[in-house]
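Read the structure below first, then the notes.
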Amino acid sequence: MRRGLGIFVAVLVVVALGFAGWLYLGRNPLGFAGGSTVALASYQGATVTGAPTALAFADLVKRGEYLTHAADCQACHTAPGGAPFAGGFAFNMPFGTIYSTNITPDKETGIGNYSDAQFLAAMHRGIRADGEKLYPAMPYASYSLMTDADALAIKAYLFTLTPVKAPAKSNQLSWPFNQRGLIALWNVAFNPDERFRPNTGQSPQWNRGAYLAEAMGHCGECHTPRNFAFALDNHDKFAGALTAGWRAYNISSDKTSGIGDWSDADLYAYLATGHANGHGGAAGPMGEAADDSLSYLTPDDTHALVAYLRSIPARASDLPRTVTTAAPASYKEGATAQANMRGEKIFAGACASCHDWTGVSPVTGFATLTGVRAVNDPSATNVAQTVINGVSRKTADGKIFMPAFGGGYSDDDIAAVANYVTARFGAKGADLTAKDVAALKQQAAQQSKEAPNG
Amino acid sequence: MLTLTVNGQSRDVDVPDDMPLLWVLRDHLSLVGTKYGCGVAQCGVCTVHVAGKPVRSCQLLVGDVGTRPIVTIEGIGATPNGAKLQQAWMEIAVPQCGYCQAGQIMSATALLDANPQPDDADIDAAMAGNLCRCGTYIRIRRAIKNAAAKSA
């Protein structure tokens, strides 16, 4: 009896240790690369942190501005239609809503009184000036890789912004998630609080890309699945996840469900402009990432990101291979009304004039549906979100626009047209219901509430 | 400076690349037969042909036109189906207020170009994006069928 108990306890301990080890391995976003790493100070290669060479002699604020774009602070710290960096953007989580805060230098409601040490504590350890813990919706577990110098350059830039008086909105979280003190445990488990260590087995370009992707752009915060504790699970690094009601796609090097079969030129174009012909354009949160962050990177930095992305191990996800051939020119062929009369009717009236029955737009490459990942995603999550929220992006090439249909069409209509579009132009038709659409609206409420409608 | 081919003529325009074609047609080339309606490609009144396809000119940036030829309502009567449709339109007095009709005729012409004998479902699929607040849809359908009958 006692012996049986002993074995049982031993097994428990082994399982617990194994689980802890598994979690430990999953928390390092750069663990996949293997090889040996060195502290930045002892790295012999070219500089991999900081602003790019072109800005090497620019003043601190200019460099900080570049790095602020690279770290994409603006996307989350700006509410739809609100003042940039003044916070108030809602993160709708299964357990409640968290609001981003004001990071303009307002002394009362912003970060105007933050000392350098306080700013670094927030960026690296998720500790506010008053000592309270931030929720990891603030990606400090990623920013902890950022050098002190870069974080302080960002602070220098933020302190040149016009102070905006915008008190923090109170979070609406259920128990126990409203207990900030518990985040201490999360931090021990999931935030190593270590600066970026270059990998000596990789090129300086790769290391630059790794720094940009992990310490700055925090790609994984949307593209890497989370574990039970809502920490990134890097066992499936960049294999795709659902974030804020939108699907962040698999960007590992898997050829079928990732970006393994994209050319370097296409990847570069997508990162630099938020669009690559034949692959479609970024919308929703990735549209913001493109417009607020990625499009500001220098060509060298974008190339570095491409080099880094290429090295991410392939992880297959549930996406089928993308269909790259256009649909038939006639509505009578291909996916037809027999299966989805309502969807076809809506498509004919509201969509066909720009997207065409073939899916290849006569208007602009941005509106071509053929080859687009969202259209080939049988969950139709991003198709439905795009229909609901529309697209309104300002790029160097001009405005990219699609009306938001979420207000004018019923949830049934949106489900029907999303099902029709995925069936006609993608690999497999979706099976959305009005209920699903209502849930998607709820999850991305921070977007749909104030989306412009023409 | 951009060079466009509009209704068979070469036209130079000095406009920004990101100006919608509709603005160029109306304000710079004085082709005001094409109308502005919703501005978001949802009503069809701004329809023109670009390389033979019906396109909402409020959403097409002039810089994206390239060398593709443009035909507007002012030039559609010079095409066989355009002429037939305009005749059919007059014979049964399709328009009421008329604001959407240029777009209707442009979409109808593209339909007959691709499908000389459309049935009701074909007409619905091709014309659904052209709204008419006066409700002339029944006469539009009849005029398209009358024009098609003349080709048979």
Side-chain angles (χ1 to χ4, degrees), chain A residues 275 277 326-338 341-368 387 390-405 407-409 417 420 424 451-454, chain B residues 15-23 36-66 68-71 103-104 106-107 110-111 113-115 117-132 137:
Chain A
H275 179 261
N277 273 327
S330 166
Y331 72 101
K332 283 181 176 159
E333 294 157 34
T336 63
Q338 279 160 348
M341 166 92 86
R342 187 173 195 158
E344 186 191 274
K345 273 208 174 328
I346 295 164
F347 186 83
C351 319
S353 67
C354 286
H355 295 293
D356 203 87
W357 293 99
T358 61
V360 178
S361 173
V363 180
T364 160
F366 286 95
T368 287
V387 172
V391 179
S392 188
R393 293 184 44 208
K394 283 201 176 76
T395 73
D397 299 334
K399 216 178 134 190
I400 302 165
F401 174 79
M402 167 172 148
F405 295 91
Y409 283 70
V417 80
Y420 181 77
R424 183 167 182 88
N453 193 1
Chain B
V15 294
D17 275 7
D18 62 353
M19 180 180 278
L21 176 63
L22 177 59
W23 272 245
Y36 172 84
C38 67
V40 292
Q42 290 299 298
C43 75
V45 301
C46 66
T47 305
V48 300
H49 288 190
V50 178
K53 284 226 168 214
V55 168
R56 306 298 187 248
S57 60
C58 72
Q59 288 300 306
L60 175 60
L61 304 184
V62 66
D64 289 335
V65 173
R68 293 181 289 173
I70 299 159
V71 176
Q104 303 284 1
M106 296 309 288
S107 287
L111 167 63
D113 288 347
N115 179 0
Q117 299 296 328
D119 60 21
D120 280 352
D122 296 335
I123 294 172
D124 286 349
M127 303 298 293
N130 287 81
L131 305 185
C132 172
Y137 300 111

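By convention in this document, chain letters (A, B, ...) are assigned in the order of the sequence lines, proteins followed by strands, and residues within each chain are numbered from 1.
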Inset, instruction - Could you tell me which portion of B:A126 (side chain, backbone, both or neither) has an atom closer than 4.5 angstrom to a non-hydrogen atom of chain A? - result: neither

Legend entry - Sub-4.5 Å side-chain heavy-atom contact between A:D356 and B:K53: yes

Legend entry - Part of A:A350 lying under 4.5 Å from any heavy atom of chain B: both

Inset, instruction - Report the residues that fulfil ring pair (Phe, Tyr, Trp, His ring centres under 6.0 Å) with B:Y36, sequence neighbours left out, ordered by chain and then residue number. - result: B:W23

Legend entry - chain A contacts, top residue of B:L131, B:D122, B:N130 (heavy-atom pairs, under 4.5 Å): B:D122

Inset, instruction - Sort out for me which of A:A367, A:C351, A:P362 touches chain B most, counting heavy-atom pairs under 4.5 Å. - result: A:P362

Legend entry - Check: B:P20 main-chain N/O paired with B:Q59 side-chain donor or acceptor under 3.5 Å: no

Legend entry - Heavy atoms from other residues, nucleotides or ligands near NZ of A:K332 exceed 12 (cutoff 6.0 Å): yes

